[in-house]
Amino acid sequence: MPDDFAPRAASVTDNDRTLAGAVRSGVRDFKTENPVEFREMVGEFDGRQANVAVIGFGRINVRVGGGDVVIEPGLGSGEMMHGAVYREAAQLIAAGRLTPLQAYFRGDVIVRAAAGDLHNGYGFFVRFAELAFGSARLRTQLDELCDEFL
Amino acid sequence: MNVRNPYDAVVVGAGPAGCAAAYHLAVRGRRVLLLEAQRFPRDKVCGDALTQRAVRILAAMGVLDCLPHAERMRGARVHMRGRGWRDFVYDAYPGTDSHGLVVPRVVLDEAVARRAVAVGAELWEGAAVTAPIVEGGRVVGVRVFRGGRPVDVRAAVVVAADGARSPLARAVGLLPGGELGVGVGVRGYLTGLDGLRDLQEAFLPLDDVAGRDLLPSFGWINPTGASEANVGVALFRPGYEGRAEQVLQHFLARLSTRGKEFGGRLRGEWATAPFRLDFSPDRCVADGILLVGDAAGLVNPFTGEGISYALESGKIAAEVIDRGLTNDPARPDLLDHALLLEHSYSGWLGAGRRSAQRYQFVWRVLESTFDSERAPFALCRRAVLLPEGIGELRANRTIDDVATLMAPGVEVRADLLGVGELMTSSVRDEWPFLARVATSGWGDPGVPFRPALLLLLATHFGDPGTRCGIKQSAAIKLGAAIELSALAALAQLGVENTPTPHSSWGNRFAILVSDLLMSKSLHLATDGGPQALSVLSQAVTKVCTGRIRERQHAFDPGVTEDEHLSLVELQTASSFELPCRLGAVVAGADPEHAASLASYGRALGVAFRLTEDIRMLTGANGPGDNTAGAVLRDGTLAHPVLIALRRTQGRLTSLVRGGCRTAGEVDEAVALVRESGALEVTRALAREQAVRAAVALEALPEGPPRASLFALIDYAVTRRLPQRPALESLFG
């Protein structure tokens with residue numbers, strides 16, 4: 001292996017940073033609009049982390065701890081939950097033309113996790129995705145993100 | 001296209017994976033160069049078999065039309081050492097592509113490459129890649145030896161489709177050092193053969209020359225023509241490479257014992273090739289380079305099949321590259337490749353390396369259970385031997401899908417997806433292929449009977465706060481616990497008394513699987529609190545007590561009807577009462593409703609079991625169902641048999657005591673039962689139990705959930721389901 005070669009996984013792209021910023025903002029909005037659900041979620045996932053991707057766009061690492069969610073651009077290391085959604089599917093969901101569950105059944109939403117975690121992640125996804133995508137602020141934010149990168 | 005790079009992508013290796021990548025990039029309008037070290041037509045060491053899945057992919061690419069006549073395979077015949085053979089046919093699920101093919105790689109690879117060229121890819125033959133070009137920590141092209149001189153080819157992305165050895169992957173540090181691969185295959189073409197069948201034939205497992213050690217291996221015969229076949233062996237573990245020749249000769253000697261039909265002559269030479277089983281998504285991508293096909297270790301760890309994965313991974317790579325180039329033509333982001341491969345193959349191929357280490361055990365289990373019709377063994381056979389094509393088909397009669405019985409407004413499907421996922425994840429770590437067993441039939445969001453009961457009750461009765469997350473989560477966990485305990489009971493049914501050289505493997509396996517599933521079930525139930533755990537353990541105790549008593553009364557025609565019905569109450573009614581009681585616990589239902597639900601579950605269970613007895617004796621499960629024979633040989637007495645014994649005595653008593661040793665005796669016993677009118681008596685009793693269940697429901701509030709429970713009663717007696725609506729309409 002050449003000395004100057006670095007695995008791509010160690011790097012962070014501009015899109016990763018943009019995505020992280022947008023998701024931070026989205027989480028902040030979700031927290032403001034749904035404080036009870038937010039507390040329930042961070043309580044359930046306290047101490048856990050996940051890599052989440054918008055396929056064809058970027059990746060972030062999400063950590064939950066201390067009653068809040070920390071979002072960093074790029075992938076975290078080690079075994080953890082993985083979640084992904086195709087960008088087109090995210091847009092359709094945001095536009096109200098596809099439900100998160102439909103996207104899941106179509107394979108446009110991908111979730112992989114170690115034993116047990118998958119279920120929790122899935123359950124919260126089903127419960128909160130509709131809620132989150134029902135938020136006018138989040139939809140506006142997604143529109144801005146789409147405008148910028150499509 | 002970047003000004004500096006004449007190509008968007010350069011694909012190294014024109015096998016199925018590389019050609020698929022080139023094809024899918026070219027049809028997206030990308031400039032792609034496909035490099036092949038040799039010149040077409042050129043051969044590769046391979047079994048040449050295309051599964052139904054591979055056929056589908058090739059059809060979508062338009063390659064099938066370019067292929068010359070190929071031998072169509074209607075399925076696979078799997079031979080198990082010392083245990084005969086079984087056929088697994090594709091046309092159990094008819095369709096235009098319900099077949100496999102055997103296409104020699106010398107033909108297939110050229111056809112796929114020409115197809116890629118036809119849609120716009122550029123192909124260089126006789127172009128050997130000698131090294132990657134790496135700049136600033138990124139692969140930016142490859143050095144090619146072509147026409148007697150080196151040429152540097154630059155591209156935004158390099159796709160390594162250069163086989164199990166993958167010099168490119170090794171050069172950039174994506175292959176572990178040292179060991180080349182973890183398997184080896186040897187094959188040759190034999191001509192002048194008679195008696196070839198329109199089936200791929202696989203022989204499991206092979207042994208060493210002395211016949212002492214079973215090896216993690218298999219042999220195959222894949223007919224390539226009327227009298228010619230691709231014949232070979234594969235050994236899956238590292239360190240066995242030196243034994244391949246020896247194993248091959250032993251395999252051929254074994255084939256010759258089949259008779260004169262296998263007296264062919266070798267055309268050409270025997271050829272050997274390594275293959276990798278160490279798929280790991282993390283090492284399938286680095287900056288500027290992607291791995292596909294054999295280079296990525298995408299080989300089925302149980303059958304050696306790799307062409308369908310090669311074609312699929314090529315397509316996935318092309319999609320990732322295309323998206324990456326759209327966003328950043330100079331430096332496309334490729335990391336999604338690892339994520340998508342992981343999504344497609346982890347949990348199965350991702351477990352390949354671990355599974356290879358356990359082959360000795362798995363294959364001994366398969367050998368000893370090969371001729372068993374028991375449900376857990378049948379599921380394991382399909383899951384382990386034929387995950388490709390045939391294995392992905394849904395043919396599981398052990399889990400009923402009652403989705404269409406749910407009344408409008410009652411939605412338990414989403415939660416049941418959670419149940420299925422949880423069941424899978426519960427067993428995935430310990431024994432990867434069990435995950436497939438546990439979830440056979442869960443490919444789409446079906447609604448299994450018992451968890452549906454629980455979720456219906458947990459989410460639609462009791463206090464209005466039931467839908468809040470904690471209770472819903474507990475209900476999903478308890479649903480998984482119930483279904484795992486049911487599978488544990490099924491695994492117990494796999495314990496047989498038949499003495500065979502390896503029967504202890506079968507029994508041991510069944511017992512261990514049952515214990516594993518039960519322990520997982522109890523672990524999940526702890527989340528429902530002490531009361532839920534108590535309810536579950538009481539039910540399991542009842543079921544096991546019923547089983548023990550049933551064994552005590554086996555082959556005893558003197559059992560009374562009341563005694564028999566008490567066994568049914570213990571064994572079957574308990575397992576239906578369980579979800580009802582757990583549902584009531586989770587819902588926080590008041591004591592009166594909880595008692596009604598328990599009564600409902602018990603009566604429903606008895607009705608279900610009596611109906612099942614009738615179906616067993618009337619062959620309602622379809623051709624090939626020999627449950628009646630298995631049960632009679634086991635000494636288990638179904639309700640209609642007991643009624644018939646009271647009415648006929650004589651010959652039937654003798655047959656029951658003797659355990660119906662032959663198929664003729666089974667047929668005779670079944671005929672005597674049917675002629676006695678016993679089926680009508682059992683049917684009437686089942687209806688009576690259904691009425692009891694309906695009466696119990698009267699105490700519950702009216703509404704769609706209660707209507708669903710009534711529909712389940714009807715199903716328990718008739719086993720008829722309304723036609724299922726299309727998936728899309730469920731979300732309207």
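Protein chains get the first letters and strands the later ones, always in sequence-line order, with residue 1 at the start of each. Scope of the values below: all heavy atoms of this structure, side chains included, with no hydrogens, waters or symmetry mates.
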| Separation of B:Asp328 CG from A:Asp14 CG (nearest 0.5 Å) |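 If we round to the nearest 0.5 Å, A:Asp14:CG and B:Asp328:CG are 8.5 Å apart.
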| With a 4.5 angstrom heavy-atom cut-off, which part of B:Leu340 approaches chain A: side chain, backbone, both or neither? |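 It is the side chain, since no backbone atom gets that close.
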| task | Would you sort out whether B:Asp333 and A:Asn15 count as a side-chain contact (heavy atoms from CB on, under 4.5 Å), showing the intermediate values? | result | CA-CA 9 Å; B:Asp333 180 344; A:Asn15 275 2; 5.7 Å; no
| Under 3.5 Å donor-acceptor, B:Asn327 side chain and A:Gly56 backbone | yes
| Can any side-chain N or O of B:Asp336 pair as donor or acceptor with the backbone N or O of A:Ile55 at less than 3.5 Å? | no
| said: side-chain contact (heavy atoms from CB on, under 4.5 Å) for B:Leu339 and A:Arg59? Distances and angles first, verdict last. | reply: CA-CA 10 Å; B:Leu339 187 145; A:Arg59 290 149 298 274; 5.5 Å; no
